[in-house]
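In what follows, a structure is listed as structure tokens, so that the remarks can point back to it.
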Amino acid sequence: MGVKIVNRGTVKCGKEVIIRPSVYLCCDPDARLTFGDNCEIGNHSTIFAHGEITFGNGVLTAPNVHIVDHNHEYEDPYTHIYKQGVRYNPGDRVIIGDGTWLGKNVVVVGNVSIGKNCVIAANSVVTKDIPITVLQQAYLLR
């Protein structure tokens with residue numbers, strides 16, 4: 001029930017960061033995962049940085065939140081997805097602004113920025129940028 005950290009890159013934590021039990025953090029070689037001050041990551045969440053993921057100050061996540069800055073390649077319908085590699089462009093990153101709250105079961109995928117003081121409702125899938133101070137309802141955001 002502990003936290004599992006697979007760090008082959010750089011993980012930085014600000015002051016008073018809380019990472020709840022059963023969280024999985026993975027940082028690939030040359031990747032950066034940064035938590036600002038007073039962040040809290042909810043139970044059973046997964047954060048996987050292939051390039052860069054940054055949490056601003058005071059970011060809260062509910063349980064079961066999943067954040068990745070990349071996706072699987074799926075161009076060839078005749079080849080298994082696991083054999084097609086990862087879709088990631090240098091410079092792609094996820095940035096979550098100060099004071100933002102990600103509700104239960106939120107999924108953030110790809111090169112996206114979520115503004116300051118946003119609330120992303122439970123069960124939302126974020127695949128595009130969200131501007132500052134937005135209450136985003138639960139549906140596919142792309």
Side-chain angles (χ1 to χ4, degrees), residues 1-76 79-142:
M1 289 274 286
V3 174
K4 181 170 184 177
I5 301 173
V6 178
N7 182 19
R8 295 169 285 187
T10 302
V11 177
K12 293 183 180 180
C13 290
K15 298 174 185 170
E16 299 187 35
V17 172
I18 298 170
I19 299 183
R20 297 285 177 193
S22 301
V23 169
Y24 178 72
L25 304 176
C26 185
C27 193
D28 275 351
D30 301 319
R32 291 184 307 276
L33 177 54
T34 305
F35 298 95
D37 296 340
N38 303 301
C39 289
E40 183 172 341
I41 307 302
N43 301 39
H44 309 291
S45 294
T46 300
I47 302 166
F48 193 150
H50 190 73
E52 179 182 355
I53 298 176
T54 301
F55 291 78
N57 296 321
V59 173
L60 301 176
T61 76
N64 300 315
V65 168
H66 301 279
I67 302 169
V68 295
D69 60 357
H70 58 284
N71 206 342
H72 286 280
E73 207 47 79
Y74 48 88
E75 295 292 323
D76 182 355
T79 300
H80 294 289
I81 290 175
Y82 80 93
K83 292 182 178 182
Q84 294 188 46
V86 172
R87 178 180 296 169
Y88 173 81
N89 295 311
D92 282 0
R93 61 185 184 217
V94 172
I95 298 175
I96 302 171
D98 295 346
T100 289
W101 174 38
L102 304 180
K104 188 173 183 175
N105 299 318
V106 165
V107 176
V108 178
V109 179
N111 183 30
V112 297
S113 178
I114 300 173
K116 294 180 181 180
N117 301 316
C118 291
V119 175
I120 308 300
N123 301 309
S124 294
V125 177
V126 180
T127 61
K128 68 174 186 173
D129 292 348
I130 306 293
I132 192 169
T133 316
V134 168
L135 168 60
Q136 191 61 60
Q137 300 299 316
Y139 57 87
L140 180 61
L141 304 172
R142 57 177 161 164

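Just so we're clear, the structure is a prediction, and the values are computed from it rather than from any experiment.
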### Query
Can you tell if the side chain of R32 reaches within under 4.5 Å of the side chain of K12, non-hydrogen atoms only?
no
### Spatial distance of atom OG1 (T54) from atom CZ (F35) [nearest 0.5 Å]
10.0 Å
### Query
Pick one: which of V17, T100, I96 meets side-chain contact (heavy atoms from CB on, under 4.5 Å) with F55?
I96
## Note on the structure
Output for pair (I5 CD1, Y24 OH), nearest 0.5 Å, gives 11.0 Å
### Message
Can you confirm whether D30 is buried at CG, in the sense that more than 12 heavy atoms of other residues, nucleotides or ligands lie under 6.0 Å from that atom?
### Response
no
### Task
Write down the atom of P131, the atom of C118, and the distance for their closest heavy-atom approach.
O-SG, 3.0 Å
#### Entry: Backbone of D37 reached by a side-chain donor or acceptor of N57 within 3.5 Å
yes
### Message
Which residues pass the side-chain hydrogen bond (donor to acceptor under 3.5 Å, both in side chains) test with N7, not counting sequence neighbours?
### Response
none
### Query
Of all residues at least two apart in sequence or in a different chain, which pass the salt bridge (Lys or Arg N to Asp or Glu O under 4.0 Å) check with D28?
R8
### Query
CD of E52 to SG of C27: how many Å apart, nearest 0.5 Å?
10.0 Å
### Query
Where the side chain of S124 meets the backbone of V106, is there a donor-acceptor pair that is under 3.5 Å apart?
no
### Task
Of all the heavy-atom pairs spanning V112 and V109, show the shortest one and how long it is.
CG1-O, 3.9 Å
### Task
Please name the pair of heavy atoms, one in E75 and one in Q84, separated by the smallest distance, quoted to 0.1 Å.
N-OE1, 2.9 Å
#### Entry: Closest heavy-atom pair and its distance - A31, A49
CB-O, 3.5 Å
### Query
Is there side-chain contact between I95 and R93, with heavy atoms separated by less than 4.5 Å?
yes
### Query
Sub-3.5 Å donor-acceptor pair from the side chain of N43 to the main-chain atoms of S22, do we have one?
no
### Query
Side chains of N105 and N123: do they bring a donor and an acceptor to under 3.5 Å?
yes
### Query
Which heavy atom of N64 sits nearest a heavy atom of H44, and at what distance?
OD1-CB, 3.1 Å
### side chain to side chain contact (heavy atoms under 4.5 Å, CB included) between I120 and V126, intermediate numbers included
CA-CA 9 Å; I120 308 300; V126 180; 3.8 Å; yes
### Message
For I18, is the CD1 atom crowded, meaning more than 12 foreign heavy atoms sit under 6.0 Å from it?
### Response
yes
### Query
Is the backbone N or O of V65 less than 3.5 Å from a side-chain atom of S45, with the two atoms forming a donor-acceptor pair by type?
yes
### D69 side chain to I53 backbone, donor-acceptor under 3.5 Å
no
### Query
NZ/K4 to CD1/I19 distance, rounded to the nearest 0.5 angstrom?
15.0 Å
### Message
Once rounded to the nearest 0.5 Å, what's the spacing between atom OG1 of T61 and atom NE2 of H66?
### Response
10.0 Å
### Query
When rounded to the nearest 0.5 angstrom, what distance separates OG1 in T46 from CD1 in I67?
9.5 Å
### Any H70 side-chain heavy atom under 4.5 Å of D92 side chain
no
